[in-house]
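Following: one structure in structure tokens, then a few remarks.
Letters A, B, ... are given to chains in the order of the sequence lines, protein chains preceding strands, and every chain is numbered from 1. This structure is a prediction, so every number in the text was calculated from the model and none was measured.
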Amino acid sequence: MDYNFSEIEKKWQQWWAQNKTYRATDKSDKPKYYVLDMFPYPSGAGLHVGHPLGYIASDIFARYKRLKGFNVLHPMGYDAFGLPAEQYAIQTGQHPEKTTHDNVARYRTQLDRIGFSFDWDREFRTSDPDYYKWTQWAFLKMFGSWYDNSLQKARPIEELVKAFEEGGSEAVNAACSEGKAFTSAQWKAFSEKEKADALMRYRLAYLGESTVNWCPALGTVLANDEVKDGYSERGGHPVFQKKMTQWQLRVSAYAGRLLDGLEKLDWTDSLKEMQRNWIGRSEGAEMVFPVECDNRKYDVTIFTTRADTIFGVTFMVLAPESEWVAKLTSASQKAEVEAYLEQVKKKTERERMAGKAVTGVFSGAYGINPVTGEKVPVWISEYVLAGYGTGAIMAVPAHDSRDYAFARKFDLPIVPVIEGADVSEQSVDAKEGIMCNSGFLNGMPVKKAIPAAIAYVQEKGIGHRKINYRIRDAIFSRQRYWGEPFPIYYKDGIATPVAFEDLPLTLPEIDQYKPTEDGQPPLARAKDWTYKGYPLEKSTMPGFAGSSAYYLRYMDPHNGEALVSRQADEYWRNVDLYVGGTEHATGHLIYSRFWNKFLYDIGYICEDEPFKKLINQGMIQGRSNFVYRYIGEGATGNLYISYNLIENPEYKDKVQPIHVNVNIVNNDVLDINAFRAWMPEFKNAEFVFADGTSSELTGYTAGAKQYICGWAVEKMSKSMFNVVNPDDVIAKFGADTLRLYEMFLGPLEMSKPWDTNGIDGVHRFLKRLWNMYENITDEEPTKEELRSLHKLIKKITWDIENFSFNTSIPAFMIAQNELSALKCSKRAILEPIAVLLAPYAPHIAEEMYHRCLSLSLEGRAGEGLFVVNESWPECNEAYLVEDTQKYPVQFNGKVRFTLECPKDTPKEEVEKLVLAHEDTSKYLAGNTPKKVIVVPGRIVNIVM
RNA sequence: GCCGCGAUGGUGGAAUAGGUAGACACGAAGGACUUAAAAUCCUUUGGCCAGUGAUGGCUGUGUGGGUUCAAGUCCCACUCGCGGUACCA
């Protein structure tokens, strides 16, 4: 009987859907296991073969865990708010809701064909009001909270108000934005607006001014992780630095915990390292430098990690956006400074990064080195960043390469303070050596001088130890339509939360989706965007808002009273296995951890970290194919040269590669007729084939001659004609072949091109395996057959537990080969093989299992499948067969033979057996060997 | 620049604790079946050398060193490729 994959796959997909086979229950005696994929943004282009890679891997694991007797939660949904739908709406006037709906429907159809074991009853979209109600709710919770640095925990804002009433701002150690301190009496005297402004500086979700990434082309601000190389990640538009008042999340308050939390996570080292770099902890000191400008006196705080080099300070630098700039510009320098600031402002983020040119201007002010009393000039330069530390630095050109470049350019003094440092050509940045020219630090090694200098300034009251983090607060406003509206209205200019009962605050209908002519966000177009008569916030939330807690919602997706019930949360707790790409390392995966920690702090959920184990699947790149148009002498423009000939002298450098649709190329051989029909310009195409003959001369007939295409690895994209749709692969080979082949392609975490060459091999394997299930008998299996089976069980179990899915397919192939050579068609062997295959190729496995036992696998789940001793005790014998160990024996690499003895034979016994062997004695010829090396279970070597 | 990862036949890749490198698959070559094609099956397939032959020898995991009885695997230096990050004081 033929392997009719389309019939089999349809049958079982229907069966699973009808029986709700993969529905997870919130109550069970079985242990729970939560497997999650990073949910997709449903784009208009649909899925290509690269998208399901991670889903297939997680599905294998989920199915395996189910067979092992776990209650598995494996949900799927859609990250549905986002820019492409909105841009499409701007162009066509179509409501993003409609676009999103259509795209989701298409994704669902495509996903269903691949045979995933998702619990579709838990599906939702982040753009559903029932869902984003909880995104808004979480935002309001953050708005109503502050971060207590002493307790390392978020607390309700009411407790802060109480503390202010009792002891003013000094009463708490809180994470907060820059601002003036106040006493209890001052607090009590504040107007309502002043109180609101003061509290705003402490809220975890707050409105604050900061330097943001402004993208004029998109008309919106962007978070740091949404900017790549100075261009917007979506659309690739230039980005500028701009000071704006925006909603922000105080992620920086959690920097320490986000860093420490990484320790206990089972994530890859590279991903943890990325997060560590992004959080960017650095230990140093803050010091106060008195600064004088036109006879006005100020105290400027700087941050440094090299307190030891304080004697080498020759100037100070302020960031152009620093608040100090206005105060510290002298009358005489005013014009020059303003010109410089103007020039900096005009630069795009890209230009600022790319240029690396040293620029700056003297402010006219002078600072006093608080340790030496020396007078140093204060400069302004863009190499100092407003957002990091205090936006002001002490410059030590001898021991910092950036300060050095600046000093050289503007001819400022360079004073080395480490013995033997040669600073004639470049700075000496290394934290090593012995201090000199440094007063009380002289003679100390750098490692000791740093803490000594900090202790000194601390004692003198001019500075203190300080840990700085690179991570910034997340900009949370977007000037866009297709996102969650902020549940905030402005009452007398005070940001006030919308009442919980009135959530969700749904998106208003508007006639156009673009910003208004006067640069307001699209929501300003809404007719009545007010609440209780007051204006509502016009920005919407960014993409990461909806994806920050979605994993909690799957635990209890239909709950109208809470994001997740306590009961469901206590059962499912957190994600055991999370599968997704590394591109979310510094975005979603940081925000989610922050969001989760916040909800944990307010006692809402029971786990501090959301994702216990994380696997990163690699990117599937495109594999483009090319035809080579002849452009040499006498070219007609419609002659194409086979790839194997293009290096020949007559064609070399006379051909032009042209992308050709990979779907009309098979194993790099072009389908000539399909090519001619593909586009009008190829209608009359003629060819020089692989054997050098020309289509004009031979009078081409289909299939007779081969035209070979060249290939290259590129990004999978429409313009390269290298997009492969899973639907086409499934139509041709079936979902099981697709699943197996995606895994067979290479290690899960590695990036690799989609190469359809070779898919035949996997398909052939399934066909051959299928044929073995034709006439199943009840004969007793032989030792050899049991041995094959057991090798496979061990291998597949190991592979799945270690996410080494690519090595499983060869193991199946080998077992299939061995068993078909033995003409094995015995139920006792074939049934367990169907079980082993089920996670990888579920449809065919179900059908094969059904043929063995007339049962669906579901009926057997949790009854010890995958566990040899319980299900098939007779198979213990197979282990005995395997317990004989072969020892390959070598004599100085010259003579070889194989010794066979039981596996647990002690070393000494093996040694004796080796020496007693006739080949050994022949070789030794009476001499005594220097050494006999026996490695248990491995090789034996004799050294003469 | 800094951090991380990688480099194995014509191709994708395997080698799971330092222990027979190249599993498995693709491609290629040859053969069987067939009027023919497709499909299927069988044989060969890292390179070089010797042999009619079974087979044997040498060489071989980016480059150069090292540790070890034994290195794709460990150490040092380097080359190239990929990913992240970039004036973070």
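Of all nucleotides present, only B:G1 satisfies the Watson-Crick or G-U wobble test against B:U85, with each distance under 3.5 Å. With a 3.5 Å ceiling on both atom-pair distances, the Watson-Crick or G-U wobble partner of B:A25 is B:U11. As the counterpart of B:G60, no nucleotide is assigned, since no Watson-Crick or G-U wobble pattern has both distances under 3.5 Å. As the counterpart of B:U67, no nucleotide is assigned, since no Watson-Crick or G-U wobble pattern has both distances under 3.5 Å. The nucleotide B:U55 finds its pairing partner in B:A50, both defining distances of the Watson-Crick or G-U wobble pair being shorter than 3.5 Å. Across all strands shown, B:C41 pairs with B:G31; the Watson-Crick or G-U wobble distances both stay below 3.5 Å.
Taking atom CG on A:L271 and atom P on B:U85, their separation rounds to 11 Å, with Å as the unit. Between the CG atom of A:D429 and the P atom of B:A86 there is a distance of 20 Å, rounded to whole Å.
Of the candidates B:A25, B:A89, B:U85, the closest approach to any side-chain atom of A:D400 belongs to B:A89. The side chain of A:T304 lies closest to B:A89, out of B:A89, B:A14, B:A23. When distances are taken from the side chain of A:P747 to each of B:U85, B:C24, B:A14, the shortest belongs to B:A14. The side chain of A:F744 lies closest to B:A25 when the candidates are B:G13, B:C26, B:A25. Among B:C87, B:A25, B:A23, the nucleotide with an atom closest to any side-chain atom of A:L385 is B:C87. The A:M813 side chain lies nearest to B:C24 when the options are B:U40, B:U85, B:C24. The listed nucleotides are B:A25, B:A86, B:G13; the one nearest the side chain of A:K752 is B:G13. Closest contact between the side chain of A:F303 and the listed nucleotides B:G27, B:A89, B:C24 involves B:A89. Here the side chain of A:T807 is nearest to one of B:A89, B:U85, B:A15, namely B:A15.
Residue contacts for A:I393: at a heavy-atom cut-off of 4.0 Å it reaches a base atom on one of the strands shown. Using a 4.0 Å heavy-atom distance criterion, A:N802 is classed as making no nucleic acid contact. Contacts of A:R276 with the nucleic acid, taken as non-hydrogen atoms under 4.0 Å apart, are absent. Contacts of A:R472 with the nucleic acid, taken as non-hydrogen atoms under 4.0 Å apart, include base atoms.
Both A:T359 and A:E273 sit near RNA chain B, but only A:E273 has its closest nucleotide nearer the 5' end. When the nearest nucleotides of RNA chain B are assigned to A:M394 and A:P810 by heavy-atom distance, the more 5′-ward of the two goes with A:P810.
In textbook terms, a nucleotide whose glycosidic angle is within 90° of 0 is syn, while B:G18, being further out, is anti.
Of all heavy-atom pairs between A:P416 and A:I414, the closest is CD-O, 3.6 Å. Across every non-hydrogen atom of A:G367 and A:M316, the tightest pair is CA-SD, 4.1 Å.
Atom C1' of B:G31 sits at a distance of 25 Å from the matching atom of B:A23, rounded to the whole Å. The same atom, C1', is picked in B:A14 and in B:U20; the two are 15 Å apart, to the nearest Å.
Between A:K466 and A:E283 there is no salt bridge, since no side-chain N of the basic residue sits under 4.0 Å from a carboxylate O of the acidic one. With respect to A:D668 and A:R623, a salt bridge is recorded, a charged nitrogen being found less than 4.0 Å from a carboxylate O.
Within the structure, a side-chain polar atom (N or O) of A:N806 is placed less than 4.0 Å from OP1 or OP2 of B:A14.
Aromatic ring orientation, A:Y840 versus A:F805: perpendicular (interplanar angle above 60°, classes split at 30° and 60°).
By the neighbour-count criterion of 12 heavy atoms within 6.0 Å, atom CG of A:N802 is densely surrounded, having more than that number from other residues, nucleotides or ligands.
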